[in-house]
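The basis for the numbers below is simple: all heavy atoms, side chains too, and nothing from hydrogens, waters or symmetry mates.
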Amino acid sequence: MSRWTRALGQAALGGVLITAGAGHLTTKRREFQAQVPSWFPADPDKVVVVSGVAELALGAALLATWRQPARSRLGQFAAAFFVGVFPGNIAQFVERKDGFGLDTDTKRAVRLLGQPALVAWALAATRRR
């Protein structure tokens, strides 16, 4: 992967995270609450707000951090964030919660495949040469 491809991937991921983070705090708040596991010992709305702020921060950092080794560490943080929220995606599937148009078990199962792709995207776009 070329330096320019990685940079474009990093910027795009930053934009995706900022968009998602803004959605957490505004128009998509209820949709994101569907991903908070019922067993999680916190208010779903607070979880959505905290994760939204984290996404905004990660997105902004991805758009602002271009020098190594900070860039690589940031990619690792973003990947860890995606791993950390994965149980919510699993819970949405297991608990059969609708959200974001994921109103069937098949759609919710297919979405689970997207999370490893986000982890790989974060790592590939920010890795050292």
### Single-linkage hydrophobic cluster Val119~Leu74, side-chain heavy atoms < 4.5 angstrom
yes

### OG1 on Thr106 to CZ on Phe93, rounded to 0.5 Å
8.0 Å

### Query
To the nearest 0.5 Å, what is the distance between CG (Leu123) and CD (Gln76)?
7.0 Å

### Message
Closer than 3.5 angstrom, by distance alone: can the side chain of Glu95 be matched with the main-chain N or O of Ser38 as a donor-acceptor pair?
### Response
yes

### Task
Look at the side chain of Ser72 and the backbone N and O of Pro69, then say whether any donor-acceptor pair between them is shorter than 3.5 Å.
no

### Task
Can you see which heavy atom on Lys107 is nearest to which on Thr104, and at what distance?
N-OG1, 3.1 Å

### Query
Could Arg108 and Asp98 be called an ion pair, given the rule that one side-chain N must be under 4.0 Å from one carboxylate O?
yes

### Query
Which heavy atom of Trp121 sits nearest a heavy atom of Gly9, and at what distance?
NE1-O, 3.0 Å

### Task
Let me see the working for Asp45 and Gln33 under side chain to side chain contact (heavy atoms under 4.5 Å, CB included), right down to the final yes or no.
CA-CA 6 Å; Asp45 191 54; Gln33 288 174 5; 2.8 Å; yes

### Message
For Gln35 and Phe100: C-alpha separation, side-chain torsions, deciding distance, then whether side chain to side chain contact (heavy atoms under 4.5 Å, CB included) applies.
### Response
CA-CA 10 Å; Gln35 296 174 331; Phe100 295 108; 4.1 Å; yes

### Query
Parallel, tilted or perpendicular: which describes the rings of Phe32 and His24, with under 30° parallel and over 60° perpendicular?
parallel

### Query
With hydrophobic residues grouped by side-chain heavy-atom distances under 4.5 Å, do Leu63 and Phe82 end up in a single group?
no

### Gly23 backbone acceptor or donor facing Thr27 side chain under 3.5 Å
no

### Message
Nearest 0.5 angstrom please: Leu13 CG to Thr126 OG1, how far?
### Response
8.5 Å

### Message
Tell me the closest heavy-atom pair linking Gln92 and Arg111, and the distance in Å.
### Response
OE1-NH1, 4.4 Å

### Sidechain-backbone polar pair: Lys97 side chain, Val36 backbone, donor-acceptor under 3.5 Å
yes

### Message
Count I, L, V, M, F, W, Y as connected when their side-chain heavy atoms are under 4.5 Å apart, and connections chain through other members. Are Phe77 and Phe86 then in the same cluster?
### Response
no

### Query
When clusters are formed by joining ILVMFWY residues with side-chain heavy atoms under 4.5 Å apart, either directly or through shared neighbours, do Val110 and Leu112 land in the same one?
no

### Query
Can you check whether Arg71's main-chain N or O pairs, donor with acceptor, with Trp66's side chain at less than 3.5 Å?
no

### Query
Say you draw a straight line from CD of Glu55 to CD1 of Ile18; how long is it, rounded to the nearest 0.5 Å?
10.5 Å

### Query
Can Leu8 be reached from Val16 by stepping across I, L, V, M, F, W or Y side chains whose heavy atoms are under 4.5 Å apart?
no

## Note on the structure
Interatomic distance, CG@Leu17 vs CG@Leu56, rounded to 0.5 Å, equals 9.0 Å

### Summary
Heavy-atom nearest pair, Gly84 first then Pro87, reads O-CD, 3.3 Å

### Query
Counting distance only, does the side-chain N/O of Gln10 pair as donor-acceptor with the main-chain N or O of Thr65 below 3.5 Å?
yes

